[in-house]
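First the structure, in the form of structure tokens, and then the observations on it.
Numbers restart at 1 for each chain; the letters A, B, ... are given by sequence-line order, proteins then strands.
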Number of protein chains: 2
Amino acid sequence: MEDEVDRLVAAWRRERPDLDVEPLEVLSRVSRLARHLDRARRIAFAEHHLEPWEFDVLTSLRRAGPPYQLSPGQLLTQTLVTSGTMTNRIDRLTKKNLVERLPDPSDRRGVLVRLTAEGRDKADQSLAGLLDQERAILGELSRHQRGELAGLLRQLTAPFDNIPG
Amino acid sequence: MEDEVDRLVAAWRRERPDLDVEPLEVLSRVSRLARHLDRARRIAFAEHHLEPWEFDVLTSLRRAGPPYQLSPGQLLTQTLVTSGTMTNRIDRLTKKNLVERLPDPSDRRGVLVRLTAEGRDKADQSLAGLLDQERAILGELSRHQRGELAGLLRQLTAPFDNIPG
DNA sequence: TTCAAGTGTCTTGACATCAAGATATTGCGA
DNA sequence: TCGCAATATCTTGATGTCAAGACACTTGAA
């Protein structure tokens, strides 16, 4: 089936036949799909009275395992936001009693962010819902195709994730 | 090579062995890669004194072909933003003399947004730069792999693009 | 010991985005 | 013809994000 990127690429080939626009076949689809996923996540989380950004922070801490705490810096690399954004997020989650700030005992510049019991519950509840939604979206693909897709995407993300970018 | 999503999935399997987190292998990579691409685009466009959102609007109009005009509604489906956002974008681009608003002769509710000569130049210049950057990122993949990746992604985006979502 | 560079977090101000609703126009059905 | 739902765009108010820089602490070299 045709998608919006097929139309976009065809339009460029008509308007700018001098350019090779083949890279857009991959990367425009990545960007557009991510926007669609954001919208779908926002709607799904609304049932839990949770914003996507809250989910990102709470589940990062949940994944860390007991005692469910990370430094703001570690949260930055997981969520790909800037430090100012993370400070703001931690402030708001603290007000809602989902996380708390603790001094880092080993570095007096540092802080640790810890999940509260309530925050842990929210993280666990919302993860299951997200996975259900994602399974529905991926229903288009066979098991084999998903593996293939994951592998190809890993080749693109690995340089960003490993060479500090 | 391992990426951040491999670590993320491993952490979930340790903390929540009861859940099947396989969907994250694909969709978390899509979201994270899109964020990396946003950052890279922002840096690349800064050389042209252009914001990513300006690029999106100007190139949508450029692709339309002469006379380089679309309705705000058509721009919405291409850029995946809300109507309020688009109104705001058109206002700002108008102030910079990159686009202009015209009344739609066939529907008095409607408006047409048209690229100025200056706007068209900006679109053409920045597209070439973006393609160079994207080619560098895709250097990881063979020609065959890019085709495969584009095809798999199309299967995921087509439902969003065709069934109005 | 001391100082300079590096690191980790927070503050600030500008700005882009969204959701919801207002306004104007069209066009279908009775 | 009339009225009402649908359509197209804009307005409003709240909020999240970013870039840049400030501040406090740490580390390593002289």
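For A/Glu4, the salt bridge (Lys or Arg N to Asp or Glu O under 4.0 Å) partners are A/Arg7, not counting sequence neighbours. The side chain to side chain contact (heavy atoms under 4.5 Å, CB included) check on A/Pro105 picks up A/Leu112, with sequence neighbours excluded. By the ring pair (Phe, Tyr, Trp, His ring centres under 6.0 Å) test, A/Phe45 pairs with A/Phe55, sequence neighbours left out.
Under the 6.0 Å distance and 45° angle rule, B/Arg92 counts as a cation-pi partner of B/Trp53.
In this structure, A/Ile90 places its CD1 atom 11 Å from P of C/dT11, rounding to the nearest Å.
Side-chain contact annotation: A/Asp3 with B/Thr157, donor-acceptor N/O pair under 3.5 Å present.
Closest heavy-atom contact between B/Gln145 and B/Glu140: OE1-O, 4.3 Å.
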Side chains of residues 19-28 of chain A: which donor-acceptor partners sit under 3.5 Å, not counting sequence neighbours?
{"residue": "A/Asp20", "atom": "OD1", "partner": "A/Glu22", "partner atom": "N", "Å": "3.0"}
{"residue": "A/Glu22", "atom": "OE1", "partner": "B/Arg146", "partner atom": "NH1", "Å": "3.3"}
{"residue": "A/Glu25", "atom": "OE1", "partner": "A/Arg29", "partner atom": "NH1", "Å": "2.9"}

- Message: Across nucleotides 15-28 of chain C, 5' to 3', mark each nucleotide with B, S or - according to how protein heavy atoms within less than 4.0 Å reach it.
- Response: -SBBS----BBS--
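Think of the region where chain A sits on DNA chain D: with heavy atoms and a 4.0 Å cut, that region ends 5' and 3' at D/dG16 to D/dT26.
The pair A/Arg41-A/Asp56 meets the salt-bridge criterion, since a charged nitrogen lies less than 4.0 angstrom from a carboxylate oxygen.
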